[in-house]
Amino acid sequence: MNAATGSICFCNTLTRRKEKFVPIESGKVGLYTCGPTVYDYAHIGNFRAFLFEDLLKRWLEYRGYKVTHVMNLTDVDDKTIRGSQKQQVPLEEYTAHYTKAFFEDIKTLNIELADYYPKATGHIPEMVKLVKQLIQNGYAYKGQDGSIYYAISKFSNYGKLSHIKVDELKAGARVKTDEYTKEEAQDFALWKAWTPEDGDVFWETELGKGRPGWHIECSAMSMKYLGETFDIHCGGIDNMFPHHENEIAQSEAATSKKFVNYWLHNEHLLVEGRKMAKKLGNFYTLRDLLGKGYDPIAIRYLLLSSHYRAQFNFTFEALDAAGAAVGRLRNFARRLEGADGNGSGGKVAELLRGVQRSFGEAMDDDLNVSVALAALFDFVREVNGLLDADVVSGSEADEVDAVMKRFDGVLGVVGEVAEEEALSKEAEELIAKREAARKAKDWATADALRTRLSELGVVVEDTAQGVRWRLVKKT
RNA sequence: GCUGGGGUGGCCGAAUGGUUCAGGCGGUAGCCUGCAGAGCUGCUCUAUAUGGGUUCAAUUCCCAUCCCCAGCUCCA
């Protein structure tokens with residue numbers, strides 16, 4: 001709708017500034033997001049990244065852009081190889097299990113599917129081609145161990161994303177013992193020569209027997225699906241260096257073109273104020289939380305409701321609060337259905353204009369979702385007031401509902417009011433009996449029936465427009 | 001160690017050089033309801049880590065201190 005105005009701004013890691021978003025091709029966006037390494041179940045920190053990217057994509061779509069979204073699946077690296085060997089299953093079988101789990105999880109969290117999910121193992125030829133190009137351009141060399149390395153000293157722009165100066169990288173920070181075959185300690189592997197530890201995981205290629213380095217897959221696959229220069233690349237802040245820095249070095253050295261126009265990085269999640277770590281006992285996968293009985297949509301709301309560039313402190317108290325906030329939005333959606341007033345005299349229309357403007361301006365400003373949600377809740381409160389006064393007409397309620405659905409197309413937390421969920425015959429009869437009792441002012445019977453229904457997971461609410469019911473999860 | 005981000009009420013989280021520091025959650029009182037639920041309204045007592053400085057005015061800018069987090073080669 002507002003795509004033509006180009007009013008969206010993002011904080012671009014490349015410049016460390018907020019910039020107006022201008023796509024390469026009007027009305028279209030090429031988006032690449034670093035996906036999971038399928039060696040284990042993804043944890044809630046991973047999902048914060050995927051949810052941020054989902055919000056970004058949905059917002060671009062809200063503003064009328066046609067987004068082509070690519071997310072890679074890293075299915076060959078040290079961790080996947082080690083994992084498969086430990087379980088003594090073929091690599092493909094091992095990664096297939098966690099890939100399947102990943103897709104189940106993103107469905108659970110109501111994350112929209114990307115257009116492409118390229119796997120590293122499915123793009124070996126593309127990677128080989130890219131490495132050959134880098135050798136030809138003089139940016140890569142073969143080490144004594146037979147691996148192909150990227151010579152970062154040849155790429156003058158190295159460090160432009162992370163603002164790291166290569167010669168300041170502390171050698172003392174972390175030095176791997178097996179790196180003596182490289183010309184410089186900071187050089188990274190494009191192609192790793194086979195070693196016995198790799199077992200049967202290798203490809204015979206023009207680069208020799210071995211497997212790809214980690215960074216090359218994202219360069220090869222993003223350019224394959226989105227072109228040599230594309231609009232937006234996202235990932236967690238930890239990927240900024242070295243991964244994304246290396247992607248730039250590989251891609252730009254191969255093509256002599258700018259790789260990506262906008263780099264967006266999300267900050268990490270803390271859990272109860274601490275870094276999430278297995279040894280601290282605060283490490284949670286999505287499945288852990290579902291196992292504790294939490295609503296995945298509450299998890300979605302919580303991880304989405306604060307700004308992506310700020311560290312976010314995950315607590316169970318906040319998760320409960322998120323569930324309640326979602327409940328408020330759902331109650332509102334349900335309430336609209338019963339509206340049958342005579343019209344608000346233009347008040348609803350005015351509120352609708354206001355909330356669309358405020359919500360939109362907030363989201364356009366580097367996805368300031370907290371401010372957008374504040375605008376949304378202000379709106380909900382005001383319309384609830386009008387509903388209390390019974391002045392909202394059916395057609396006004398429909399308009400409100402339509403706008404709420406558009407917002408929810410971005411937030412993805414309300415969903416359809418579940419009317420299809422049929423009441424059991426027993427519950428239906430109990431409701432009818434209760435109505436009869438209420439009519440007869442037999443409150444004792446009516447309350448007993450309400451308690452009985454509640455035990456069946458049916459909450460009944462009496463309203464001016466008649467009885468309303470909803471199903472709740474039995475706990 | 002070097003580099004960068006951050007510390008806001010009972011909890012989570014916005015925003016800003018200046019009339020009362022969003023919003024959600026929780027608590028509480030009132031309205032509504034047969035009661036409840038949902039909803040609305042009020043309240044939640046000194047909420048901006050600490051100590052200085054600049055300023056007519058700082059939570060916001062500057063300095064110092066404390067604490068948390070991240071990056072420093074394959075962790076979102």
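Every chain is numbered from 1 and lettered A, B, ... according to where its sequence line falls, protein lines coming before strand lines. Because only heavy atoms are used, hydrogens play no part in the values below, and waters and symmetry mates are left out as well, while side chains stay in.
- If you measure from atom CG of A/L411 to atom P of B/rG24, you get 15 Å, rounded to the nearest angstrom.
- With a cut-off of 3.5 Å on both Watson-Crick or G-U wobble distances, the partner of B/rC45 is given as none.
- With hydrogens and angles ignored, no donor-acceptor pair under 3.5 angstrom links the side chain of A/N239 to the base of B/rC75.
- Across all strands shown, B/rU16 forms no Watson-Crick or G-U wobble pair with both key distances under 3.5 Å.
- OP1 and OP2 of B/rC68 both lie 4.0 Å or more from every side-chain N or O belonging to A/N313.
- At whole-Å resolution of the value, NE2 in A/H307 and C1' in B/rG5 are 12 Å apart.
- Between A/N384 and B/rG39, a side-chain N or O to OP1/OP2 separation shorter than 4.0 Å is absent.
- Spacing between atom CG of A/D388 and atom P of B/rG39 amounts to 10 Å, rounded to whole angstrom units.
- Here B/rU73 presents its P atom at 20 Å from CD1 of A/I216, a figure rounded to the nearest Å.
- At the heavy-atom level, A/Q311 lies under 4.0 Å from base atoms of the strands shown.
- In this structure, A/R381 reaches the B/rU41 phosphate: one of its side-chain N or O atoms is under 4.0 Å from OP1 or OP2.
- A cation-pi arrangement is absent between A/K57 and A/F52, since the terminal nitrogen or guanidinium carbon is not both under 6.0 Å from the aromatic centre and inside a 45° cone about the axis.
- When the side-chain nitrogen and oxygen atoms of A/K79 are compared with OP1 and OP2 of B/rC75, one or more of them lie within a distance under 4.0 Å.
- Put simply, A/N266 has no side-chain N or O that comes within less than 4.0 Å of OP1 or OP2 on B/rA76.
- By the stacking rule of 5.5 Å between ring centres and under 30° between planes, A/W443 stacks on the base of B/rG34.
- B/rC66 is paired with B/rG7 under the criterion used here, namely a Watson-Crick or G-U wobble arrangement in which both key atom distances are under 3.5 Å.
- No side-chain donor-acceptor contact under 3.5 Å links A/N266 to the backbone of A/Y308.
- Checking the phosphate oxygens (OP1, OP2) of B/rG24, a side-chain nitrogen or oxygen of A/R328 falls inside 4.0 Å.
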